[in-house]
Amino acid sequence: MKKTPLYDEHVSLGAKIIHFGDWLMPVSYSSMVEEHVNVRTNAGLFDVSHMGEFFVSGPQAQEFLDYYTPNNVKKLVPGKIHYTNLLTPGGTIVDDLLIYRIEEEKFLLVVNALNIEKDFAYLKSSLKHDAVLENKSDEYAQVALQGRHAVKIIEKMTEKDLSEMKMFTFFYWHLNGSEMIISRTGYTGEDGFEIYMPAGIAVKVWNTLLDLGREYSVCPCGLGARDSLRLEAGLPLYGNDIDDTTTPIEADLSWIVKFKKGDFIAKDLLKAQSKEGTRRILTGIQVLDKAIPRQGYKIFSDEKEIGIITSGTKSPYTNKSIAMGYILPELNNLDREIQVQVRNKFAEAKIVTKTFFERDY
Amino acid sequence: MNKKEYKYTETHEWVKIDGKSCIVGITDYAQEQLEEVTLVEFPDEAAEIEQFEKTGIVIESHKNVNDVNSPLTGNITEFNTELEDSPELINQSPYEKGWIYKMELSDPDEIDNLMSYEEYEAYVKEETD
């Protein structure tokens with residue numbers, strides 16, 4: 001089993017540890033619900049060192065990435081970040097990722113932990129360009145500080161004024177001779193930051209953030225809260241809501257598919273889907289009866305099966321039963337009454353936008 | 001309440017036996033593992049159930065969906081329907097207000113298949129180590 005550089009910190013904080021792929025990760029420290037609500041009201045610190053970090057550099061690095069991902073890498077200027085997908089020739093999703101433009105000819109790719117090997121093999125076999133691809137996942141630790149107070153804690157640590165710093169941008173910062181990247185990004189629907197650093201400095205940074213965050217009621221948070229926070233914010237999870245059978249058009253990620261940018265992988269197929277429609281679309285669902293939707297539950301309308309739930313929970317912040325799922329596109333109308341099969345019963349539900357939570361600051 | 005006199009299952013149910021009638025719940029260890037219980041669902045009808053088999057009662061937490069198994073064979077006589085509106089009682093008071101159902105047991109010999117308090121404690125310790 002793999003451990004992050006922060007594993008001993010989690011154990012000493014009393015975390016419940018679970019197996020996440022090959023990783024031993026904290027699922028919660030106090031409780032998932034408390035941690036979730038604390039991120040919505042104060043701030044929370046997550047160890048996400050299991051995520052993968054690849055670097056792509058060289059004269060044709062931009063061309064390479066721009067072909068294999070549908071968002072417009074040409075428009076990404078140094079210092080900025082965008083969300084995108086890595087696609088197969090069939091237009092399905094190998095992974096979802098963030099691309100950081102570090103320099104004109106150098107990019108950082110942040111990929112899902114469980115896809116590191118798959119992504120690297122795919123990129124490597126596709127690389128026919130004048131560019132170098134490196135997997136630095138084992139050398140990097142990553143923590144995420146999320147919530148309305150996150151900015152104050154990062155300002156205290158870096159002694160910088162970050163009031164003008166925009167979302168999806170980053171800067172370099174140094175501590176004890178170690179260089180790290182601090183970006184204004186996250187996976188919770190809150191304001192927040194993600195810090196990429198050499199593994200050796202992770203314990204120091206983790207404890208510094210917890211110490212400085214004490215006056216803002218920061219708490220350590222596990223993968224449980226991370227999952228419910230991203231679901232409330234309407235963000236897809238690879239393996240649940242998107243995978244290598246779904247396309248970005250089906251996954252309601254059309255906003256990252258830039259048809260005008262020039263040629264890219266599976267462009268014609270995705271364009272056809274965008275124009276003519278798909279056989280399913282990812283949407284938001286709220287269950288109105290006393291029942292909790294879960295991955296794999298079937299969705300019905302007029303006694304006909306019309307789709308399947310891909311993620312669901314009882315939202316810790318809104319207390320509603322919320323879910324994402326694929327349904328027939330022609331039935332994807334807001335407020336449409338549907339049913340979700342929960343064991344041997346049919347729970348009344350309706351279609352809603354999948355952003356179940358939006359921050360008010 | 002004296003949980004030291006209760007009997008326990010490997011699936012973390014407790015049973016308080018009083019002659020032929022019993023009360024069943026889940027243990028403090030079980031509720032800690034579940035974290036916040038968000039929903040308790042009872043079957044439409046109380047039926048005869050077998051030892052260690054599913055009762056049809058489901059406990060859902062934020063984490064997952066869990067079946068309640070019966071420590072003994074018998075007939076369910078009452079569900080704690082208060083849990084439908086207040087599932088959090090399982091977290092707050094697993095051995096008292098959070099009881100789940102009552103039953104009439106049909107085979108007292110089956111009690112020998114259950115763990116004592118001390119045996120259950122040792123079992124949990126082994127599971128967590």
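No experiment lies behind these values; they were computed from the predicted model shown. Excluded from the calculations below are hydrogen atoms, water molecules and symmetry mates; all remaining heavy atoms, backbone and side chain alike, are included. Just so it is clear: chains get the letters A, B, ... in the order the sequence lines come, proteins before strands, and each one is counted from 1.
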Parallel, tilted or perpendicular: which one describes the rings of [X] and [Y], with boundaries at 30° and 60°?
X        : Y        : result
A:Tyr216 : A:His149 : tilted
B:His12  : B:Tyr123 : tilted
B:Tyr95  : B:Tyr6   : tilted
A:Phe357 : A:Tyr317 : perpendicular

Within the distance-only criterion (no hydrogens, no angle test), does the side chain of [X] pair as donor or acceptor with the backbone N or O of [Y] below 3.5 angstrom?
X        : Y        : result
A:Arg226 : A:Asp47  : no
B:Asn80  : B:Trp99  : yes
A:Ser315 : A:Glu232 : no

Exercise. Can you list the residues that meet the side-chain contact (heavy atoms from CB on, under 4.5 Å) rule with B:Thr11, with sequence neighbours excluded?
Worked result: B:Thr9, B:Glu13, B:Asn69
I'd like to know which of [options] tops the heavy-atom pair count under 4.5 Å against chain B.
options                               : answer
A:Glu34, A:His36, A:Arg294            : A:Arg294
A:Pro316, A:Gly224, A:Ser228          : A:Pro316
A:Met32, A:Lys290, A:Arg343, A:Lys345 : A:Arg343
A:Asn319, A:Val27, A:Val33, A:Asn344  : A:Val33

Exercise. Of all the residues in residues 3-18 of chain A, which have a heavy atom that comes within less than 4.5 Å of a heavy atom in chain B?
Worked result: A:Lys16
Checking heavy atoms, do the side chain of [X], its backbone, both or neither come under 4.5 Å from chain A?
X       : answer
B:Asp85 : both
B:Glu32 : backbone
B:Asp44 : side chain

Problem set entry | Proximity breakdown for A:Ser31 and chain B, heavy-atom pairs closer than 4.5 Å | both
Exercise. What part of A:Ser30 gets closer than 4.5 Å to chain B, counting heavy atoms only: side chain, backbone, both or neither?
Worked result: backbone
Exercise. Within 45° of the axis and under 6.0 Å from the centre of the six-membered ring of A:Tyr361, does NZ or CZ of A:Arg359 qualify?
Worked result: yes
Exercise. More than 12 heavy atoms of other residues, nucleotides or ligands under 6.0 Å from CD of A:Glu348: is that the case?
Worked result: yes
